[in-house]
Structure formats: structure tokens, C-alpha cells
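What follows is a short report on a single structure.
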Amino acid sequence: MSFRNRPWQRLRTDKAGLTGLVIVTAFFLLAAAVWAGFLGESWSEAGGGRWESAGAQHWFGTNVLGQDIFLRSVYSVRTAFEIGLVVSVLSTVIGAVLGAAAGWYSNTWVDGTIQWMKGVLDSIPFYLFVAAVAFALQGVYWAMHIAMIATFWTTTGRLVRAEVLKIKSQEFVLAARAIGLPGPLILIRHVLPNTAHILLIQSSMVFVAAIKAEVVLSFLGLGVQDGVSWGLMLAESTQEILAGHFNNFLSASLMLFILLLGFNLLADALQDAFDPRQAAL
Amino acid sequence: MRHFIRILFIFLAVLPLAACDRPAEDPGPAVTYSVYRHSMDGAPTSTDPAQASHIYANFLAVNLYDTLYRYKYLARPYQLEPNLAEGLPQVSADGLIYTIRIKPGVHFIDDPAFPDGKGRVVRAEDFVYSIKRHFDPKTRAQGAWLWQGKIVGLDSWKENGSNYDQEIPGLKALDDRTLQIQLIKPFPQLTHTLAQGFSAIVSREAVDYYGPEFPIRPVGSGPYRLVSFNSASAVLVRNERFREEPFSLEAEGYDPVSHGHLALDRLEGRVPPFSDRIEIEFITEDAARWNAFLAGELDFVKVPVSQFDQVLQQREPPALKPAFAEKYNLLANLESGFVHTDFNMDDPRIGYHPDPRQNARNQALRCAIIKAFDWQKRNEVFYYGIGQVFAGIIPPAAPEFDQKQDQAAIIRDLAGARKLLGDNDWSADNLPVLEYGFSSSVTERQMFEQFRSFMGEMGYPPEKIRPLTFATYGDYARAFLNREVMLITTGWTMDYPDAENTVQLFYGPNSSPGSNSANYNNPEFNRLYRSSSGMQASDMRTAMYRHMNQLVIDDCATISGISRRLILLWSRKLAALPDRSFVGGYFFRFASVDAAEPESRGAGQ
């Protein structure tokens, strides 16, 4: 078995991790079905009666407008994945590039500038910053995404910088330098690929954080503007619970709980699988 | 000897205890202390009458300060009643000069703002000063629109730099107790404006003394004075120097049939204010407010719509379930206003268009949207089906409301809507994108989604109906005042019981940033408004208002409207009619709670 295959081997034997993978895959398939137009298209139609109970026609019942709660919950999976994917991919890319640059050019003005940027962004309370950016860019569809990407890259950047600092003093890098390869080429071809495990784990964690942040922002009215999300459903439910109608609240919070549980199990398993200390055992 | 020492020891031990004892005092008559605990679903940020632009601020303004007039407590339709004024104004034959005498010997509360801390007598000059403040940019007042362009010299006083020492020809104190207001043109609603919180009377000494702190340091002559005020609560206590005017059921418009169950008769002849202390809780969260009321922590609540099912036995007429009826009184009044969705007529995609053919198509599109709107469902979902839907812009609370108004504008007609679109070459492909504005709240969003659903049933592609959201109502208002919003959903609460106050919402010269947010501009309507606005109430004026109403309906300028029904509950131990319509808050002085011992009601706080 090759060295590269060992983490995947460990992942396959991690039952909790596999459970997480199954949950995430199931949700991803739901999101794909919505993207493809097979499911949830009529989430905004108010075809039912007010606060109908769960039944054959409306699996999770209806909300105050008579909209189908199941369809809205399912459509919200797409919202969650869309935000999770966009934010995790872009913030990981930015974090990787800036973190690698800071690590490679450590103790230079490049490193100083990037570290200063990270320090400034990290010093602002997260939700306050995200809310401020979302508010300032109101009307812009990508406002929430931009706000999250602007803050989530810093942790990835810090981790990658530390890893690059470690890698750049290893022998294979010194050898590459010795034969005259240019620095940026060494960084891209030989150093960055060795941070892949960090990027994989970190992107899964950012994915979860982005979904949670979206729910909070949508709950506060600063998130999704045209569409539906679990955050909006939870916001709606605050008025319904008082009247004894829990379907919106239960379906949104359960879906969110299961997806986050799946991602957390998967992220933990990935972390264990790629941990060098585990590899040594 | 040992016995003696023991007795001496006991004596010495008991002596200090005996010293603590005092002869029994005559407790005198039992001192009672009545506290009325009111709740509001919003919070004011200022007690300054210049900022009394909403009902919450108005509640404080009319209780901490005096206005010249108020409305009779119980009479419906609403009737004006002198408050600080001695009587109704004397009006010249041409309707241009109003002369008002104010009551003698009315004092501001004692406050360090005055020499020796003693409140001085309220003078006519104080009223002049108070109105001038609205026209002083430094005050950032919100009530100037009431008198703008109406009082001789007032607007130019502002243009000339708002110098308080400069006299205004149309706003004069003839002596300490006599006021004279000279109008540019007849304005029969002037007296109503003098019953609003905006017109409450402040003293110049207090404004100067407290400066920027004046909004939280009220110094008035109203029935109450402020003890504490923050974003969560306000505490008012009785103004001991408030003028003594015995309460008369007859003078306040008492009707035994309507008011017999309110236990108001026990108040006859007593001198208001009846409560020693008023504790107002500002609780915006419905659940928290409702739970506090059920727990007995509040005497009054506006019932959240989500609780109507739990509270009401029947909808029409609204009646309480027995469990609630045992403990609470009910008031189920229509609001003195309405909710409507205006088309921005200034937007060529939906409103006026220079090309007559396109202009006609736009009108057809607006009319189709109105036909596709389901008022019955809107009422059912958001107002528990007990709001009153009406056609046009004159709501049921206005005396000029027409019971016989044609209802076609509020009856859903999907077939008619589709036909109208087809006849005017509108199809799913060429229909414009509709931008529906709202401030970002759950209910507003749900209203938008319902609107989109209604239009979808007509055949309007849902993706062509987009939300235009704003974080706060202030941002939203700024956008529609800048004519940036295509569909504007908003509410209007009447300032006084006269339909002039609602038809002015569609008067061309009042276009945004004025109150005409639809930017409706119909020359015939404008002409009628100009002619009627100076007329006293009469059948002719009513007919003119109704004609204007029909013009707005025919032009399909607004999707209108509904007057919400408020369900108000209050404890049976509270003898009051807590009506918040029009200048809400005047009832505080008449609210009487069964008095309790001070200790048990937190009087020591």
C-alpha cells in the first residue's frame, strides 16, 4: 500500500467518518436534485392551507402562507450547499495562496503585510464583521459570500503559513533550490501539494462554518434575500411557535442538525486520517 | 445579693430592647398607591415633542407635556376638546385667523431649569416657541410638515435663519394667555394639529438648560412627569401640580351601552390623573410581551396576531373566550389608518410613460395586478380575517368613508386580470421585472412571497418578481422617498379624523420626498384637492373626497387597502378605555387601577 493511500484506508475503517460521509453525500444528492430541477421547484407556491398538519400531500405540513415546508426544507439544502461550496472553495484558495506566500517569504514585507491583514480581520468579532459587510453590500447577491470569504481565509492562511515554514527547510526543498529551480516554482510544485491535507480538513470545517453563518445571518434578515434557507424558516417559526405550530422550526433545525452532524463526523475522520501521528502508529 | 445581681443583669439585658420600642402611633388613613403597567410593541427614543412622529413617542409627549387640544376620551366619532386651551378657537369669518386663549395658572413642573427650581406659569409665548422649534434645522424636528406653507411668515422665518427673537406675523402671543395664528389660506384641520404630540408645549428654559439631553429630560406641564426612561421602559409619576379638572362622564362622551362594562362610572367627579405611577414596558417581541401579560406583570397588551386563535371565541364581532373574558376587557377597534401597496408612477416600467400607447399598457398592467391580488387571503393570513378590506384611499376610520363604495377594486378576478394582460399585448416574455420593496422582517418577507404567489397564479413569471430588501424601515423609506422602489408597501396612520389626511397622500405636489410616495399626479385630482382642502366639513367636501378616491381607483395607482383590527386586552382591575387611535396616549390620565399598598406595588423604587 502506498503512503498516499494510507489516510483513505484509515478513513474507510472509521465508522463515524463513514456515517458522516453517507449523510453528506445524501444531502449533496438532494442539493443536486434541486439544482437539476427535479425537486423543490415549487417551494414558493402557496398551494396549501394555512398551517396544515403533516400528511400525504404535505409531508412536513405547511406554513402560514400555505407553502409546503418539506419543499422549502429541501430547497434550503441547495442554499446551504451553494454557500458552503462557494465560501469553502474560495476562502481555501485565498488562504492557501496568501498563507503559502507569507510562509515562503517569511520575515519580509510580504509576510508582514499578510500577517497584518489577518490580524486586523481576526480582531473584529466575526458576526459583527459579516453583518457589517452584508449590510454595506445590501442588494448585491454575493454580499454574504464576500463577507464570509473575507473572514474565513485567515485561519486557513495561518495554518498553511506554518506548514510552509516547516516544509521549506526540508531537504527536498533545499535540493530543489540547490539545482536552481526558481522559488515560486518550488512553492507551487513541491510545497503547496504537501499542504493538501490541511486544505482538505480546513475546507470541510469552513463549509460547516459557512452554513451555520448563513443560517444566523438569514435569521437576522441579512442573509438570503431571494430564496429560502433554514435561517429564514427558523425566523418564520419564531412567530409560529407562539401559536403552537412547530413544523417549520422542527424541519429546519433537524435538517441543519443532521447536515452539520454529518460534516462534523466527516471532518473529524479526515483530521484523524491525515494526522501524521496516527500514521506513525 | 445573688438574686439582686441576677435581676439587675436581666434588667440591663432587656433595657436596650425596651429602648427600641416606641409608643404605638396612630396609623392614620390607609395610604394607597395605584400603578398602571402599560405595554407597547415599540420603543420611542425621545420624549421631545419635536420627535413625536410615531405612536410610541406620542404617548410620552402628550402625557409629559400639554397640548392646546385633545380628543374626548370616550366620544366616537372623535371630537375635539380643549386641553390647555380655555375653549375652541375663535375663527375669523374668512377662516384665516385663529385666536386661542389658554387656561390661567398652569405651571411647568418644578425643575432646575427654572430659577430656584420652581416651575413657572405656561404662557402663550411658549406655544409660539414650541412651533418655531419645528422650523429650526438645529432641532431636527419631524413635525414641520403639519404647518408648512400654512402659517403666514413661518416658512420665511426658517429661511431667514430661524432666529427666535424674530417675530412671525402669523404666529403671535398677543399677551400671556392669548395666541393668534394667521393662515395663508383656510386650513380647517388646524385645530386637529393642535391636539397632536408635535404641538405639545415646551419651555425655552428647559431646552436651553438641558441642550442635547433635552429629549430625555422632559420638563412639561402634562399630567405626568418622567422618573426614568430607557430603551426597555419608562416610568411616569403623577404631576402633583396638574390642574384640577374633575372628570365628567357626560363631557367625555360616555355611552352606557358601549362603556357600561368598563367601570368608568366610579370615576365620576374625581380629579385626574387617576394613577399615581405609570410603568411602560417597551417589549417589541410578541412572545415576551404576551407572556408577561399572562403572568400578570402587565395591565394592558396588544394581542399578537398569532394569539388571536387562543383568545377569541368568535371573529365577528370579536368576542373573548370565557377564560379570558373573566379576567380581561376587550377592545377590537379598526386602526385609524390602512396598509396599501403603491405603484411608483414615476417609474416608466409600471407608471406614467411619455408614449400614450405604452402609458395605457402600463395602466392595464397595474389594473391586472390589482385584479390578481387576493385581499381575502391577505386578510386571512396576516390579519386573522378580521381586518377590513376597502376600496381606495379613504379608510373606515375616516368620517368620509363611503359604505357604498364599489367593491370591484378589492374582489379578485383572475380571469379578468389575464384578459386585461392579453388585450394589451402583455405576455410572460415581455412583462417587466417587478421590484417589490420591503424592510427585512419576517412578516414583510412573507407578504412579498404571498404577493409573488398571487401574481404567479395570474401567469406572471415568479422569477420576474424580485424582492428589494432593506435592513431597516428607515433605509426602505429613504429609497422610496428617492423614487427608487417600484412597488411600495407601506402603512399610514391618520393624524386626525378627516379624509384630507389620506387623500393628500396622492396629491401631485406632495410627490416624493413628500408623502405621495406613489408619485401620483392627476390634474383633476389635484384640482379637487386644492378646492376641498380649505373647505369646512360638508356634504360637498365629502363628495369631492369620494370623487378623488374614485380617480385613484380608476387609475390603478395603488393596491389598497386594509385597515387592521387591533385586539387590545386589559385587566378588569383597570378602569379605562385604552384606545390608541389617533393621538393615542391621552387616556393615561383617565386610567384607574385598583389601588394597592405602596410596598406591594414597588412604590419605593
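Below, read A as the first sequence line, B as the second, and so on, with proteins coming before strands; counting in each chain starts at 1. Quick caveat: nothing in here was measured; it's all calculated off a predicted structure.
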More than 12 foreign heavy atoms under 6.0 Å from [atom1] of [X]: is that the case here?
X      : atom1 : value
A/F126 : CZ    : yes
B/K327 : NZ    : no
A/F28  : CZ    : no
B/Y473 : OH    : yes
B/M486 : CE    : yes
B/Q313 : CD    : yes
B/R412 : CZ    : yes
A/W116 : CH2   : no

- Message: Strictly less than 4.5 Å between heavy atoms, which residues of residues 282-298 of chain B line up against chain A? Please order them by number.
- Response: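 Listed by number, the contacting residues are B/D286, B/A287.
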- Message: Quick check: closest heavy atoms across B/S306 and A/A243, and the distance to 0.1 Å?
- Response: O-CB, 3.2 Å
- Task: With a 4.5 Å cut-off on heavy-atom pairs, point out which of B/Q310, B/Q307, B/E380 contacts chain A the most.
- Result: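 It is B/Q307.
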- Query: Ignoring hydrogens and geometry, is there a side-chain-to-backbone donor-acceptor pair from B/R445 to A/D226 under 3.5 Å?
  - Reply: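 Pair absent, no side-chain N/O of B/R445 close to backbone of A/D226.
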Distance (rounded to the nearest 0.5 Å) between [X] [atom1] and [Y] [atom2]:
X      : Y      : atom1 : atom2 : value
B/E449 : A/R72  : CD    : CZ    : 4.5 Å
B/R452 : A/E45  : CZ    : CD    : 11.0 Å
A/Q225 : B/F438 : CD    : CZ    : 7.0 Å

- Let me know if A/I241 has heavy atoms under 4.5 Å from chain B in its side chain, its backbone, both or neither.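 Neither part.
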- chain B contacts, top residue of A/L220, A/V64, A/N63, A/L65 (heavy-atom pairs, under 4.5 Å):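 Going by pairs under 4.5 Å, I would pick A/L65.
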- What part of B/F308 lies closer than 4.5 angstrom to a heavy atom of chain A: side chain, backbone, both or neither?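 When you check distances to chain A, no heavy atom of B/F308 falls under 4.5 Å.
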